[in-house]
Amino acid sequence: MIKSNAKRITLRFHTDGQLLAISHPSVSQSVVEEVIRKQANWIQKTRSHLLSERDRTYYRLQSGEQIQVCGKNYKFIVQPSHQDDPLRLKVDKDDHLTFFIPEHTQPEELAESARQLLIQWLRKKGSSWSTMRAEIWESRMNVKSTQIRVKEQKTRWGSCSSQGNINLNWRIFLAPLDVIDYVLVHELAHLLEMNHSDAFWRIVKSHLPHYQECIQWLNHHGRSLDVQLIVKS
């Protein structure tokens, strides 16, 4: 983009990740390209961050907002509480996630504290759900895991150790049920084949013929599986 009042070369990004270079008409294209080459590392990191933020799912911390966990919809309810009471989360039989929020809590502090409470509940919910589902799949696959844990994992949806311990990323419980099942079956299959050989994938396919669709779903939507709370009126 050429601007007559531009005093320097400025690099910006569109929301779709495309780079925009703004310069004065007197600046040659070769000079602009040289600036871009010198800023290549910054451009790559900034674009990745912007695309990650764009794809992330945000939830408003207000009554009526919904979140799907383990295939079930839960509704946020916000209730004010006494200033001296701690921020807390209660889940009732009607699938309401009620946040009791002390008066005069700062929005930034509220969003992060509420997020941590929600993640704690997600890990607990995911643990009970995966234990129940594991019993079903272990019976079908004739395997037995040693332990299933729900953890904070940045780069993997699940893992399986040679001791039979399975770790699941809490974020996967925000996915559709068949995708959650795929990750669980994937890790249980490692109890039979501790690799990603053709034999391993045959095991997965024998129990989940549509497993490739689940992989494609994760490739397209995996980055959006997170809980980021924002406070709006």
Side-chain angles (χ1 to χ4, degrees), residues 48-49 51-53 55-59 67-74 89 91 95 97 112-229:
S48 296
H49 175 74
L51 292 177
S52 177
E53 287 297 306
D55 293 340
R56 187 171 294 171
T57 300
Y58 287 85
Y59 301 95
I67 183 173
Q68 187 177 83
V69 180
C70 297
K72 180 183 291 187
N73 287 325
Y74 292 84
L89 171 62
V91 185
D95 300 327
L97 302 176
E112 181 55 28
S113 298
R115 178 178 184 269
Q116 293 304 320
L117 281 178
L118 186 55
I119 291 174
Q120 289 177 21
W121 174 77
L122 270 167
R123 293 178 65 169
K124 182 178 179 181
K125 178 69 177 178
S127 179
S128 62
W129 190 91
S130 57
T131 298
M132 178 269 295
R133 290 299 291 173
E135 291 179 357
I136 297 173
W137 284 114
E138 287 174 351
S139 176
R140 294 176 182 175
M141 300 171 69
N142 195 26
V143 296
K144 182 61 180 176
S145 61
T146 303
Q147 184 181 21
I148 297 180
R149 296 178 296 182
V150 177
K151 301 180 65 177
E152 171 73 39
Q153 296 184 175
K154 294 293 186 182
T155 59
R156 294 194 287 184
W157 298 115
S159 61
C160 178
S161 73
S162 57
Q163 291 76 35
N165 296 316
I166 292 176
N167 295 323
L168 299 175
N169 188 328
W170 64 261
R171 293 171 178 82
I172 196 60
F173 299 105
L174 298 168
L177 286 178
D178 58 342
V179 177
I180 308 175
D181 266 342
Y182 158 70
V183 173
L184 186 56
V185 169
H186 182 117
E187 302 310 330
L188 288 173
H190 280 310
L191 298 175
L192 299 171
E193 291 285 341
M194 192 57 73
N195 50 55
H196 289 110
S197 63
D198 290 343
F200 168 84
W201 289 114
R202 282 196 294 271
I203 294 170
V204 174
K205 186 176 182 179
S206 68
H207 296 285
L208 288 177
H210 66 293
Y211 79 94
Q212 290 181 330
E213 296 176 13
C214 297
I215 294 176
Q216 291 176 0
W217 191 96
L218 283 171
N219 289 338
H220 284 93
H221 304 286
R223 286 189 299 183
S224 68
L225 299 180
D226 203 344
V227 288
Q228 298 293 329
L229 296 174

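All of these numbers come straight from a predicted model, not from anything done at the bench. Side chains included, hydrogens not; waters and symmetry mates left out as well; all remaining heavy atoms used.
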side-chain hydrogen bond (donor to acceptor under 3.5 Å, both in side chains) partners for [X], two or more places apart:
X    : answer
Q116 : E112
Q120 : none
S145 : E138
E152 : K154, W170, R171

Donor-acceptor under 3.5 Å ([X] side chain, [Y] main chain):
X    : Y    : value
R156 : N169 : no
H221 : W217 : no
S139 : I136 : no

Residues forming a side chain to side chain contact (heavy atoms under 4.5 Å, CB included) with N142, sequence neighbours excluded: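 Testing N142 for side chain to side chain contact (heavy atoms under 4.5 Å, CB included), a comparison that skips the adjacent residues, returns none.
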By side chain to side chain contact (heavy atoms under 4.5 Å, CB included), which residues pair with S161, not counting sequence neighbours?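 If we apply the side chain to side chain contact (heavy atoms under 4.5 Å, CB included) test to S161, skipping adjacent residues, the hits are Q163, N165.
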Would you list the pairs meeting side chain to side chain donor-acceptor pair (under 3.5 Å) in which at least one residue belongs to residues 192-203, sequence neighbours left out?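 Applying side chain to side chain donor-acceptor pair (under 3.5 Å) to every pair that reaches into residues 192-203, excluding sequence neighbours, yields H186-H196, H190-H196, E193-N195, N195-S197.
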Between [atom1] on residue [X] and [atom2] on residue [Y], distance to nearest 0.5 Å:
X    : Y    : atom1 : atom2 : value
Y182 : H207 : OH    : NE2   : 14.0 Å
L188 : W137 : CG    : CH2   : 9.5 Å
L184 : W157 : CG    : CH2   : 15.0 Å
L122 : L174 : CG    : CG    : 5.5 Å

Holding to salt bridge (Lys or Arg N to Asp or Glu O under 4.0 Å), I want the full list of residues that pass it with E213, two or more places apart in sequence or in another chain.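 Partners of E213 under the salt bridge (Lys or Arg N to Asp or Glu O under 4.0 Å) test: none.
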Qualifying salt bridge (charged side-chain N to carboxylate O under 4.0 Å, His left out) pairs, either residue in residues 117-136, two or more places apart: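 Listed by first then second residue: R133-D181.
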With sequence neighbours left out, what residues match F173 under ring-ring contact (aromatic ring centres under 6.0 Å, His included)?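 With neighbours one apart ignored, the set is empty.
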I'd like to check the ring-ring contact (aromatic ring centres under 6.0 Å, His included) partners of W121; sequence neighbours left out, ordered by chain and number.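 Once residues adjacent in sequence are excluded, the partners of W121 under the ring-ring contact (aromatic ring centres under 6.0 Å, His included) criterion are Y74.
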